[in-house]
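Encoded as structure tokens, the structure appears first; notes follow it.
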Amino acid sequence: MAEKALGIKQKLGFGIFDLGGNMFFTLMAFWALAYLTNTVGMSPAWAGMAVMVGKIWDAITDPAMGYISDRTLSRWGRRRVYLLFGALPMMLSMVFFFSAPAYLPSSLHILWAIGALMLLNTAATVIGVPYSSLTPDLTSDYHEQSSLNGYRFGCAVFGTLAGAGAVEPLVQLFARPGSPSPMLDPRGFSFMGLILGGVMMIVTLITFFGTREKKVYTREELPKEGFFATFGGVFKNRPFMILLGTYALHMAGISFLTTILAFYTRDVLGREDITTFALIFLLLTAMVFIPVSVLVSKKIGKRRTYQICFAILSSACALIFFFGHRLPDIRIFYAIMVYAGIGVGFSYVAPFAMVPDVIEYEALKTGERKEGAYYGIWTFTSKLGTALAVFFAGLILDLGGYVSQTGEMITQGASVVNAIRLVVGPIPMVILLGAMLSIQFYPLDKERYPVS
């Protein structure tokens, strides 16, 4: 008997979490390094180190959270309970990170930054990993899972737009009157963290109340394996490992771009005022092409759809590197952002629609379902790739001689401009091409697949 299709209300209830989740991801990806460098006053290398340590901690806690949620029994199910009790801590940790204590000596800012990022990323893990693991607990139908993720990433694009487009207006709105550069003002960032943290809390609670897990588990039905045995089985799943490696490269390549874009528009193009517009052009295009990618996936498969994303994004990196700083009209740069947005749109649904396939592949062979373990390793690896990318981006800026801009704008030297161009061009281009090659070996690109 076919499984009953999910209603629009439950799909929207599920998807809206990622409005907040991707708002958080985008906010941190585009602004964390710039905030620590130019508002808090840390060097790019130390700021990159703080972000890396926070992300590595985040990556370590993800598998642990997956293991815990797989074995949770509550009146609200295995996953949703963490959304209920994690929403408020998520908001409070956002406020804490974006309210850097001015009274600390500069030598202690690195310790504060690491501690604040570890706290913030732990709060994100407590709600994020159970949420990602929720997909198979809502439906096991192949096409319904793709549809569910379509709703999720449709909401994710709106969250990405908010994370990219709301930061600058909010910081400027709450900056101290008369500030020479509002985007360097600590008070503006503090209020921004409060408002966007509040949004995250609200959408997390909406997902808790708007979804229902399809099965109530008993203790006898929960996984019995120990921690290391559980994750050892995950690493034996060859299709998952191919997909995992590809996604790690995907996230590393994207992270080089997102981390450095604010530096590129300000210090290479000399147009700090276009940062938000460039992001909006990129992400609005992505929003349009998410449903297009779902249609394309049904025609040519998830693997080839994912490869289209890498082909477009890597060529966009080449265009920015070779031509971005030489363009006579800024509208041509916006056109490159639109082109890159097509690739971003094709990157949303495919990988997350493939993860349930590799989970089902193992379940058919072993009879066991370990969604939390899979999604824990998934986020661990992607965040590790992101952490290393941000660290090396900050290190390259530091080696180029970048001067932190606390309070007023500083014109950077030619070596800094070349360092920024390197981080936004050849480095992510090579990484994304590697991802396109890696996913070619993924074997489960069809609805029914062998279990032998």
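Given the structure is predicted, the values throughout are model-derived calculations rather than measurements.
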Requested in this report: Verify side chain to side chain contact (heavy atoms under 4.5 Å, CB included) between Phe346 and Val296, making sure each step is shown before the conclusion.
Outcome: CA-CA 9 Å; Phe346 271 74; Val296 171; 4.1 Å; yes

Report task. Determine, step by step, whether Lys55 and Leu384 satisfy the side chain to side chain contact (heavy atoms under 4.5 Å, CB included) criterion, reporting the C-alpha distance in whole Å, the side-chain angles of both residues, the deciding distance to 0.1 Å, and the verdict. Result -> CA-CA 7 Å; Lys55 273 290 181 185; Leu384 185 61; over 6 Å; no

Report task. Determine, stepwise, if the pair Lys302 / Asp357 fulfils side chain to side chain contact (heavy atoms under 4.5 Å, CB included). Result -> CA-CA 11 Å; Lys302 299 172 187 177; Asp357 295 345; 2.8 Å; yes

Requested in this report: Check the pair Leu282, Val338 against side chain to side chain contact (heavy atoms under 4.5 Å, CB included), reporting the backbone distance first and the verdict last.
Outcome: CA-CA 5 Å; Leu282 177 91; Val338 169; over 6 Å; no

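Here the straight-line distance linking atom SG of Cys309 with atom CD1 of Ile342 works out to 12.0 Å at 0.5 Å rounding. The CZ atom of Phe98 sits 9.5 Å away from atom OG1 of Thr39, with the distance rounded to the nearest 0.5 Å. Here Ile56 contributes atom CD1 and Phe391 contributes atom CZ; the two are 9.0 Å apart, rounded to the nearest 0.5 Å. Interatomic distance, Phe189 CZ to Leu196 CG, rounded to the nearest 0.5 Å: 11.0 Å. For the atom pair CE (Met337) and CG (Leu279), the distance works out to 8.5 Å, reported to the nearest 0.5 Å. Rounding to the nearest 0.5 Å places CG of Leu92 at 11.0 Å from CG of Leu120.
Under the 3.5 Å distance criterion, the side-chain polar atoms of Arg303 are matched with a main-chain donor or acceptor of Tyr442. A side-chain donor-acceptor contact under 3.5 Å links Arg80 to the backbone of Phe208. Within the 3.5 Å criterion, the main-chain N or O of Leu432 finds no donor-acceptor partner in the side chain of Ser314. Ser293 places a side-chain N or O within 3.5 Å of a backbone atom of Ile290 that can act as its donor or acceptor partner. Distance alone, capped at 3.5 Å, places no donor-acceptor pair between the Asp58 side chain and the Gly54 backbone.
The distance between the ring centers of Phe97 and Tyr35 falls below 6.0 angstrom. Phe240 and Tyr247 have their aromatic ring centers separated by at least 6.0 angstrom.
Residues Met52 and Met49 meet the side-chain proximity criterion, which asks for heavy atoms closer than 4.5 Å. The shortest side-chain heavy-atom distance between Ile396 and Ile427 falls under the 4.5 Å cut-off. For the pair Leu134 and Phe14, the minimum side-chain heavy-atom distance is below 4.5 Å. Looking at Leu205 and Leu83, their side chains never come closer than 4.5 Å, going by heavy atoms from C-beta outward. The side-chain heavy atoms of Ile16 and Thr207, taken from C-beta on, include a pair separated by under 4.5 Å. Taking the side chain as every heavy atom from C-beta outward, Ile195 and Phe174 approach each other to under 4.5 Å. Two residues are said to be in side-chain contact when any heavy atoms from C-beta on lie closer than 4.5 Å; Cys155 and Lys11 fail this criterion. Using a 4.5 Å heavy-atom threshold, the side chains of Leu19 and Val199 count as touching.
In this structure, Ala47 and Leu36 approach most closely via the heavy-atom pair CB-CB, 3.8 Å. When all heavy atoms of Pro351 and Leu243 are compared, the pair lying nearest together is O-CD2, 4.1 Å. Residue Tyr334 comes nearest to Ala278 through the heavy atom pair CE2-N, 4.0 Å, listed as atom of the first residue, atom of the second, then distance. Counting all heavy atoms, side chain and backbone alike, Met42 lies closest to Ala113 at SD-CB, 4.0 Å. Nearest heavy-atom pair, Gln307 versus Met436, reported as atom, atom and distance to 0.1 Å: NE2-O, 3.1 Å. Between Trp112 and Pro101, the shortest heavy-atom contact is NE1-CD, 3.3 Å.
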Listing, residues 249-264 side-chain donor-acceptor contacts under 3.5 Å, not counting sequence neighbours, or none:
unit_1, atom_1, unit_2, atom_2, d
His250, ND1, Tyr306, OH, 2.7
Ser255, OG, Met251, O, 2.6
Ser255, OG, Thr386, OG1, 3.3
Thr258, OG1, Ile254, O, 3.2
Thr258, OG1, Ser255, O, 3.4
Thr259, OG1, Ser255, O, 2.8
Tyr264, OH, Ile320, O, 3.4
Tyr264, OH, His325, N, 3.4

N/O donor to acceptor pairs below 3.5 angstrom from side-chain atoms of residues 22-31, sequence neighbours left out:
unit_1, atom_1, unit_2, atom_2, d
Asn22, ND2, Thr160, OG1, 3.0
Thr26, OG1, Asn22, O, 2.7

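Of the residues Thr122, Asn121, Thr125, the one that meets the side-chain hydrogen bond (donor to acceptor under 3.5 Å, both in side chains) test with Trp57 is Thr122.
When the side chain to side chain contact (heavy atoms under 4.5 Å, CB included) test is applied to Leu12, the partners found at least two apart in sequence or on another chain are Ile8, Tyr151. In terms of the side chain to side chain contact (heavy atoms under 4.5 Å, CB included) criterion, residue partners of Ile114 (sequence neighbours excluded) are, by chain and number, Ala50, Val53, Ile110, Met118. Ile68 meets the side chain to side chain contact (heavy atoms under 4.5 Å, CB included) test with Met65, Thr72, Tyr82; sequence neighbours excluded.
Listed by first and then second residue, the side chain to side chain donor-acceptor pair (under 3.5 Å) pairs that reach into residues 87-99 are Ser99-Ser190, sequence neighbours excluded.
Between the side chains of Tyr339 and Ser315, at least one donor N or O lies within less than 3.5 Å of an accepting N or O. Defined by atom type and a distance below 3.5 Å, a donor-acceptor pair is present between the side-chain atoms of Tyr374 and Asn237.
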